[in-house]
Amino acid sequence: MLSFLLAVLPIAAPVSAGETWLHCGRLLAVPGSEPVSEVTLVVRDGRVAEVLQGYLLAPSGIEIVDLTGAFVMPGLIDCHTHITLEYSRDVRLERVERSDADQAIRAVVFAERTLLAGFTTIRDVGSSGDAVFALRDAIEEGLVPGPRILAGGESLSPSGGHSDPTHGYREDLFELPAAALGVCDGVAECRKAVRVQVKRGADVIKLTATGGVLSATNAGTAQQFFEDELEAIVSTAHALGRKVAAHAHGADGIKAALRAGVDSIEHGSFLDPEAVELFKETGAYLVPTLLAGQTVVEMAREEGYFPAAVRLKARQVGPVMIGALGMAHKAGVNIAFGTDSGVSRHGDNWREFPLMEKAGMSAMEILVTATINAADLCDLSDQIGTLEQGKRADVIALQGDPLQSLDAMQGVVFVMRDGVIYTR
Ligand SMILES: [Zn+2]
């Protein structure tokens, strides 16, 4: 008998899969429908085997986990993270000081924190080096605890665009092979850049359609890739079976990316009614990342934290993001949960939930974005997002009821991924 109260101990100890019965005080098996009380969730070989009414006694030798005081739901999915880094005022120095190995070791710590915060799947949309692929594979093999990862590798950017990593550095660093991996101009280079990311191991392709806040340039937040470049990236990625996530703040870039057929817009800060129509026509998702907006506004308050150009962009973009989500939600745009963690601290992903409520979404609608909708965007609807028979046993338990207050999302007391228990 393993009490969920054990979860306050400070080490993560995986308990191996097999058969486990979870006694759930309340179970939200399918977000969007009502939770049920006093049920037994039977987990077998890493999958949900049965959901039975009442607290049933297991045959001897089968572990029962007492979650009778908890709110149980599917593992959370964050569609926008940068798991190999955590932003700081020294980030520009760290970029040239730290090796891939340094990043990988930090990423192991960030991944464990993320998992224990209840996130059993993440999409990593942009990281340098090969650490994210090594981390993804090590988690998959069970070598280190962490969420299942869909990795994007290098974010694609035009020269001098938002995710060109050499802004503000000495010119002789511009042409370093590692710095140029995601930089592409014109149709041929854009196609090649996608192929190179897929060859490196990318599960998803990330591009920066517009300028962004944290690049050290005063080039604004409007469109940067041209239409033919966007189309080249999307058609190549789709031909290789990869979805495309497009970072976009300015309305022109949001609309160009949607017209090119991207699968999601990340941030979407300055979306307008025409962009909303395009979202609805294409079925693309908006991944709002309100926590990033809030975090950069907090950082910008601190004198000297950002270069002047970044500070200005942070002040322009941060405050409008909640309104953009509100407009999109009201119009019925598909929304998938994403935090941009790495800008904020890994493990604090839960802070996105109450921010989304400020955009006018209900608690249940928000939980759907972090489960069913995110699973759909990740093309994993047949595997994760609900706790139905045959799905992967990604299960979390919360001490409080998130339908009463989304602050309960910070109180994760039990995490299971693929039937394996990771307890703090
Ligand atoms: Zn990001």
Side-chain angles (χ1 to χ4, degrees), residues 77-88 91-92 94-95 103 106-107 110-111 114 119 121-129 131-132 147 149-157 161-165 167 182 197 202-217 221 224-225 243-250 253-254 257 262-271 285-300 306 310 313-314 317-318 320-321 324-325 335-349 351-352 355 370 374 377-378:
I77 305 164
D78 189 333
C79 295
H80 192 126
T81 68
H82 303 279
I83 199 69
T84 60
L85 66 88
E86 213 165 62
Y87 203 84
S88 80
V91 74
R92 292 173 51 68
E94 288 165 2
R95 185 169 284 158
Q103 294 215 79
R106 281 169 176 78
F110 300 151
T114 303
F119 288 82
T121 304
I122 61 171
R123 220 169 52 142
D124 191 85
V125 284
S127 64
S128 62
V132 74
I149 297 177
L150 276 77
E154 288 281 352
S155 178
L156 306 189
S157 168
H162 174 54
S163 59
D164 180 334
H167 281 293
Q197 295 315 311
D203 305 301
V204 57
I205 297 298
K206 162 79 178 299
L207 66 85
T208 53
T210 73
V213 172
L214 293 175
S215 41
T217 167
T221 54
Q224 294 189 335
F225 268 128
K243 286 198 172 183
V244 178
H247 155 111
H249 292 294
I254 295 171
V262 301
D263 301 282
S264 64
I265 295 290
E266 315 290 309
H267 319 305
S269 312
F270 297 107
L271 56 79
Y285 276 92
L286 172 66
V287 180
T289 70
L290 304 182
L291 181 52
Q294 161 125 338
T295 304
V296 298
V297 166
E298 286 165 8
M299 289 168 171
F306 284 140
V310 175
K313 289 185 286 181
V317 169
V320 305
M321 293 175 86
L325 173 58
I335 314 283
F337 185 92
T339 61
D340 217 348
S341 287
V343 175
S344 52
R345 184 183 169 279
H346 293 290
D348 285 351
N349 314 52
R351 292 176 60 204
E352 182 81 13
L355 288 174
L377 177 56
C378 292

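All values below were derived from every heavy atom in this structure, side-chain atoms included, with hydrogens, water molecules and symmetry-related copies excluded. Ligands are counted one by one from 1 in listed order, and the atoms in each one are counted from 1 as well.
- Backbone or side-chain N, O or S atoms of H247 do not reach the Zn ion (ligand 1) at under 2.8 Å.
- Put simply, E266 stays out of reach of the Zn ion (ligand 1), with no N, O or S atom under 2.8 Å from it.
- Between R345 and E298 there is no salt bridge, since none of the side-chain N atoms of the basic residue sits less than 4.0 Å from a carboxylate O of the acidic one.
- K206 contributes a side-chain N or O that, together with a main-chain N or O of V125, makes up a donor-acceptor pair within less than 3.5 Å.
- Vertex the Zn ion (ligand 1), arms ending at OD1 of D340 and NE2 of H80: the angle is 90° after rounding to 10 degrees.
- Classified by interplanar angle (parallel below 30°, tilted 30° to 60°, perpendicular above 60°), the ring pair H247/H267 is perpendicular.
- Taking 2.8 Å as the criterion, H82 counts as a coordinating residue of the Zn ion (ligand 1), since one of its N, O or S atoms falls below it.
- One finds no salt bridge joining R106 and E94 here, because no Lys/Arg side-chain nitrogen approaches an Asp/Glu carboxylate oxygen to under 4.0 Å.
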